[in-house]
**Q** 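What follows is a structure written as structure tokens; I'll ask about it next.
In listed order, ligands and their atoms are each counted from 1. Computed from a predicted structure; not experimentally measured.
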Amino acid sequence: MSIDLLSPFKLNNSIELQNRVLMAPLTRCMADDNLVPTQAMVDYYARRADVGLIISEAIIIRADAQGYPNTPGLFTSEQIQGWKKVTDAVHANGGKMFAQLWHVGRVAHPHFFGGDVLAPSAIGVDGSVPRMRELTYVTPKPVTTDDIKGLVADYAKAAENAMEAGFDGVEIHGANGYLIDQFLHYAANERDDEYGQTPENMSRFALEVTDAVIDVVGNERTAMRLTPGAYFNMSEDNRDKAVFDYLLPELENRKLAYLHGGIFDDSMRFDSLEGKSTSEFLRAGYASTLVGVGSYSFETAKEAINDNKFDLIAIGRPLIANPDYISKIKNGEEVIPYSDEMLAELK
Ligand code: FNR
């Protein structure tokens, strides 16, 4: 019998989803100048509460985590109260929501916080901040082991704040070339201490953050997003695969809520992953709940889930274009195609 994506899915003993369609994390740069969610954001998320799980746009865990204008935070009481309004509205509409915890590492810019840009190694990214092209990226300061301890503690604190703000769980943003991912790829990690050079060392920061977050919210409310193939703010290295071959079973042992590939197009194949796509590589190394993402329609996702390529689907851009995506699918109505101009407004 074929799997119906619109029927409930039990993530674990703590969380049951009303369907298998997740809202992918989507940065919108619409928080106020104190990085507090606005009423427009409350309404935007509340309109999408009929998905199985909303994953919030990436939320910065502390001031030096910021690399883009007006990205929301989760480190002041005002920000926590702002998110509480969002989660209350989502819950009132019958939905569930995870917070995506974010530190951009070397993709940060001092313009936003006036301090050092932190990263595993002093290797900068080329180019400038999107939407603020006058801000050229700087060479980051390699983190000390004390800096690392502070970062791990701040991820845990943000997870605690997420609980206070009423989120149902957290997704650790370990993808897309940001801080955690910088440790996981040779292009950004040239450390010669216990955080570099070997798969075990390069996975250490990701696992320390995971364990610290689990300590606060529990494994059933902790999820991870990864991009084993470097494609964004980072270049591929054939040694990267071994890092993820080590990391995936370690994550699986921790019995997370789910693992999530973070990619724009899952048909993209990576030389560094022996020609596999993101979901193929993750499925081969991780047998527990996997979320697929990246240019899927409801129909192609249904096929992939029925072919056992992953268990749940995250939908991004179509949910920007169609706040009523789920009801359109249920009623067999046409879905409006996404276009970049839609980013100008929260609908
Ligand atoms: C994204 N994506 C993204 N990913 C992430 O992990 N955190 C984020 O905050 C964002 N922000 C974001 C903003 C915008 C405008 C886009 C288009 C994408 C990536 C996103 O979660 C997803 O992986 C891709 O959009 C691919 O899925 P779709 O859109 O093809 O369904």
**Q** Which pairs of nitrogen or oxygen atoms, taken one from ligand 1 and one from the protein, are under 3.5 angstrom apart?
**A**
| unit_1 | atom_1 | unit_2 | atom_2 | d |
| --- | --- | --- | --- | --- |
| ligand 1 | 2 (N) | Pro25 | O | 3.4 |
| ligand 1 | 4 (N) | Arg225 | NH1 | 2.9 |
| ligand 1 | 6 (O) | Gln100 | NE2 | 2.9 |
| ligand 1 | 6 (O) | His173 | NE2 | 3.1 |
| ligand 1 | 6 (O) | Arg225 | NH1 | 2.7 |
| ligand 1 | 7 (N) | Gln100 | OE1 | 2.9 |
| ligand 1 | 9 (O) | Thr27 | N | 3.3 |
| ligand 1 | 9 (O) | Thr27 | OG1 | 2.6 |
| ligand 1 | 9 (O) | Ala58 | N | 3.2 |
| ligand 1 | 11 (N) | Thr27 | N | 2.8 |
| ligand 1 | 21 (O) | Pro25 | O | 2.7 |
| ligand 1 | 21 (O) | Arg225 | NH1 | 3.1 |
| ligand 1 | 21 (O) | Arg225 | NH2 | 3.3 |
| ligand 1 | 23 (O) | Arg225 | NH2 | 3.1 |
| ligand 1 | 23 (O) | Ile263 | O | 3.1 |
| ligand 1 | 29 (O) | Arg317 | N | 2.7 |
| ligand 1 | 29 (O) | Arg317 | NE | 2.8 |
| ligand 1 | 30 (O) | Ser295 | N | 2.7 |
| ligand 1 | 30 (O) | Arg317 | NH2 | 2.7 |
| ligand 1 | 31 (O) | Gly316 | N | 2.8 |

**Q** Going by ring pair (Phe, Tyr, Trp, His ring centres under 6.0 Å), name the residues that satisfy it together with Phe244, two or more places apart in sequence or in a different chain.
**A** His185
**Q** Is Asp168 salt-bridged to Lys96, cutoff N-O under 4.0 Å?
**A** no
**Q** Answer whether the closest heavy-atom distance between the side chains of Ser272 and Asp237 falls below 4.5 Å.
**A** no
**Q** Determine which pairs satisfy side-chain hydrogen bond (donor to acceptor under 3.5 Å, both in side chains) with at least one residue from residues 260-271, sequence neighbours left out, and list them in order.
**A** Glu171-His260, Arg225-His260, Asp265-Ser267, Asp266-Ser279, Asp266-Tyr296, Arg269-Glu280
**Q** Is the shortest distance from a Lys or Arg side-chain nitrogen in Asp43 or Arg47 to a carboxylate oxygen in the other one below 4.0 Å?
**A** no
**Q** Once side-chain contact (heavy atoms from CB on, under 4.5 Å) is applied, do any residues pair with Thr145, and if so which ones, sequence neighbours excluded?
**A** Asp193, Glu194, Tyr195
